Amino acid sequence: MADIILFVVLLLLIFINVPIAIALAMAATLFFVTQSEMPIVAIFQRMFNSIDSFPLLAVPFFLLAGKLMESGGISRRLIHLAEVMLGRVRGGLALVSIVACAFFAALSGSAAATTAAVGAIMIPAMVKKGYDKNFSTAIQAAGGTIGVIIPPSVPLVLFGVTAGVSISDLFLAGIIPGFFVTAALMILVYVISIIQGYGGGEKYNLKEFFIAFKDSILALLMPVIILGGIYSGIFTATEAALVAVVYGLIVGVFIYREITLKDLYHIFSSATIMSATILFIIAGASIFAYYLTRERIPMQITEALLGITDNWIFALLIINVILLIVGTFMETAAAILILTPILAPVATALGLDLVHFGIIMIVNLAIGYITPPVGLNLFVANKIAGTKFEGVMRAIIPFIMVMVVCVLIISFVPALSLFLVK
Amino acid sequence: MVKLVEGINKVVHIALIALMVVLVVSVFCQITLRFFNYSIAWTEELSRYSMIWMTFLGAAYALAKRAHIGMELFVDRTEGLLKQVLIVLAAAVCLVFFVLMVVKGYELSMRVMDQPSAVMQVPMGIVYSVIPISGIILVVNLFYVTVKQLKGELS
Amino acid sequence: STSDEKEQYVLYAGHSLAADHPFELAMQELKERVEERTDGRVIIETFPLSQLGAERELIEGAMLGSVDLVVSTSGPIMNFVKDFAVLDLPFLFNDRDAAVNILEGDIGEDLFAQLREIGIVGLSWGENGFRHVTNSIKPVATPEDLEGLSLRVQENKVFISAFNELGVTPSPMAWTEALTALQSGVVDGQENPILVIDSYKLYDANQKYMTLTSHAYSSAVFMMSEHAYNRLPEDLRDIVMEEGEKIGAYERQLVVDMEEQALQRLKENGMEVVEEVDTGAFRDKIMKVYDSSENQQLLQRILSEQ
Ligand code: NA
Ligand code: NA
């Protein structure tokens, strides 16, 4: 009973707009004080130690790298490449948007950054070519979710650290599902474009393709350097994030020369604040998780869930529904940090591979980026487009439906995630 | 008063960017030196503790900029007295936590002051002191932001 | 005072190793013995795998009173009681018996007395076994074979300088990071006790060669928070103390038995194990680190008692 009250208190605090990090910490603190003998100093000790982790450095680094790519002219070049590849097809620009998101996803660890980087260029371009504004906005919001499925990915890092799963394995496992979601979204925008009669007819020749390719070679090299460096043993997954930062700095400041000293200050500033707010949620969530662990609540939930059904397919469906609901209302990083300690034992009990489960969780929560009311990508895309929120909400529905189908297929076909992992 | 708060936040902001630079430089040194078969022990510890300082100080700064992730949806749809009550209620919850951070964080730092860190041998009390320090800044920023919110200067 | 018959006391027990490691098995045994002798009035809840925090945090937790029972290797304890650093010196003990004699004698008592000063009651001495080197490159029989290898080592000044003396590039890194670093070849090898090497299946992480260097005896301490000690009524406390004092020996025997099977398993999984090692040759190369030890008196005392 007390445990249910704990969750109710947490929800109440979140609803009255207490920052999530503090709501988590305060709810647990209340219970530690009233229900246990644990000294309060230990709460702050735990908070501190939960972020005393080298692998977590990947979070600030991947966020910083993403900001550098966004400002350094890399996204513009990638988009141009996608354009010469797909511009002549019907619905060309819509397809270009998705493909550019996938390109950018291989450089960036964040969904919002992917939406912002590609959307800032593509939304105005699409509107100019006669695409519906709400449709264009929805494409960018949905395409941005690929940013956290294709490695590198901040949410995958958070899952790996929380569940104790190898981050390099998770990165490998994200590649095929990332392409899979990309393909599904491409089919969707193609079909919609045909129905609506959008675009097509742009002419590009092979020469233009080679110029665009040459122009973006440095950007395309980056995922090769990051993933190649990790798997050939030059650096670890955490260090790869730093390599991405250095690469982004060199390309943006010295080669493309599109980042000035003043830009650099703003880039560092916004990456720092974004990292701090995410890591602070980790610290707050760790206190909440600490209470759950000591009371063995994840174990009780596992038993309860397995009490309903011991059929793993049905149990996995239930988990998917839980993840989708949580993702609808909660910010992704917070959701991962709260749910991983609860659901990872359930997944293990169901006989699921934790690497596969990590991908299931990330794709589910990626949908959360485009589901109102709390959909970060929708906010970002909306801000760029200057559209009315209500209109985008209608345009995003088919994207949500397609992604739900994707998540079910990824859930029940483990090979999609595990094929590349040895 | 407002000038003072803004001054504090400016200093914190500069410290934050400096910490991020420390992170980048120390991990960069670590990779580069290992590549040349040389290893230094302190980069790992320095980068971890810098990240922790960046997190706590950054959380304090983010409060002033209202950059914390929260659920604004419900409160945004309320008006008048109810909205004011909810704002004060949320602030009160935060205040309790921040005051605990100051008091208990100080107690924690003092209790581990004799204990050196594993590699750099910095007293852990100093490392932990970021908790009470950012607690104080959080309290200051909480008043700053809440007053603004109640006056309707912020949404 | 004696206890109120009805009141129940829950003790939270934590450590950083796996659920099948002797640390956990011994904690489970302690749980059974204590719960039986106290008629369930003292309950012990065990949490393996750093669920309540990693070793340094657990020791600090025992100090602060957030964790009641902890078993930790001696390495991280040196950050709280400096003299424990001596125990981590490579090649300090001639063999397991010598280590046990010394730790269970006056020297161990002195160290426990120092623990008591920071609010931790030492119960008994356990162990995590002797540490050995594995690598992915070549069989290592002599110190010269180690030269040029890069090894993941614990974040510990003594170890780092000892391996530097041996011509190794030591990389201190977190264990989670190390597992993938071994797999991808960021580092060539690592050093750990047999049970850890087996538990994490390091042969799957390219560790084809193992050398029984026995370069350090990983002693461990079963400890209780003074908060818990003071909270328990005397009669119950006596039972916990008595059983706690016995549990170290029980755990050490488990290590000995399980290491034998684990070594067998490592070989079956294709690890090439160099068992005959002239440890003296390794020892001679690292003697310098003995000079840098901060408590020469304790060091000489330990060396002279074997
Ligand atoms: Na990505
Ligand atoms: Na959502």
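So you know, we letter chains A, B, ... as the sequences are listed, proteins then strands, and number each from 1. Predicted model only: the values in this text are computed from it and were never measured.
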Rounded to the nearest 0.5 Å, what's the gap from CZ on A:Phe48 to CD1 on B:Ile52? Could you check?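 Reported value, rounded in 0.5 Å steps: 3.5 Å.
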Given heavy-atom pairs under 4.5 angstrom as the criterion, report whether the side chain, backbone, both or neither of [X] touches chain B.
X        : value
A:Ala271 : both
A:Ile20  : both
A:Thr272 : both
A:Ile22  : side chain
A:Thr29  : side chain
A:Leu13  : side chain

So which of [options] has the largest heavy-atom pair count under 4.5 angstrom toward chain B?
options                    : result
A:Ser53, A:Ala23, A:Ala21  : A:Ser53
A:Val18, A:Ile51, A:Leu64  : A:Ile51
A:Ile281, A:Val59, A:Leu57 : A:Leu57

For [X] against [Y], the heavy-atom pair lying closest together:
X       : Y        : value
B:Phe97 : A:Phe44  : CZ-CE2, 3.7 Å
B:Val96 : A:Met26  : CG1-CE, 3.6 Å
B:Gly58 : A:Ala276 : CA-CB, 3.6 Å
B:Met54 : A:Ser275 : CE-CB, 3.8 Å

If you count heavy-atom pairs within less than 4.5 Å of chain A, which of [options] leads?
options                             : answer
B:Ile31, B:Leu86, B:Val75           : B:Ile31
B:Phe98, B:Tyr106, B:Tyr49, B:Phe35 : B:Tyr49
B:Leu57, B:Val93, B:Ile87           : B:Val93
B:Leu23, B:Ile17, B:Val21, B:Thr55  : B:Thr55
B:Ser50, B:Gly105, B:Ala90          : B:Ala90
B:Arg48, B:Gln30, B:Glu45, B:Lys65  : B:Arg48

Would you please classify the geometry between the A:Phe280 ring and the B:Phe56 ring as parallel, tilted or perpendicular, with 30° and 60° separating the classes?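 Judged by the thresholds at 30° and 60°, the geometry between B:Phe56 and A:Phe280 is perpendicular.
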Quick one: what part of B:Ile131 sits under 4.5 Å from any heavy atom of chain A, side chain, backbone, both or neither?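 Just the side chain, heavy atoms under 4.5 Å.
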Please flag which part of B:Val112 lies under 4.5 Å from any non-hydrogen atom of chain A: side chain, backbone, both or neither.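 Neither part, no heavy atoms under 4.5 Å.
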Ring centres of B:Phe28 and A:Phe61 under 6.0 Å apart?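 For B:Phe28 and A:Phe61, the ring centres are not under 6.0 Å apart.
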What about A:Tyr265 and B:His13, are their ring centers closer than 6.0 Å?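 So the answer is yes for these two rings.
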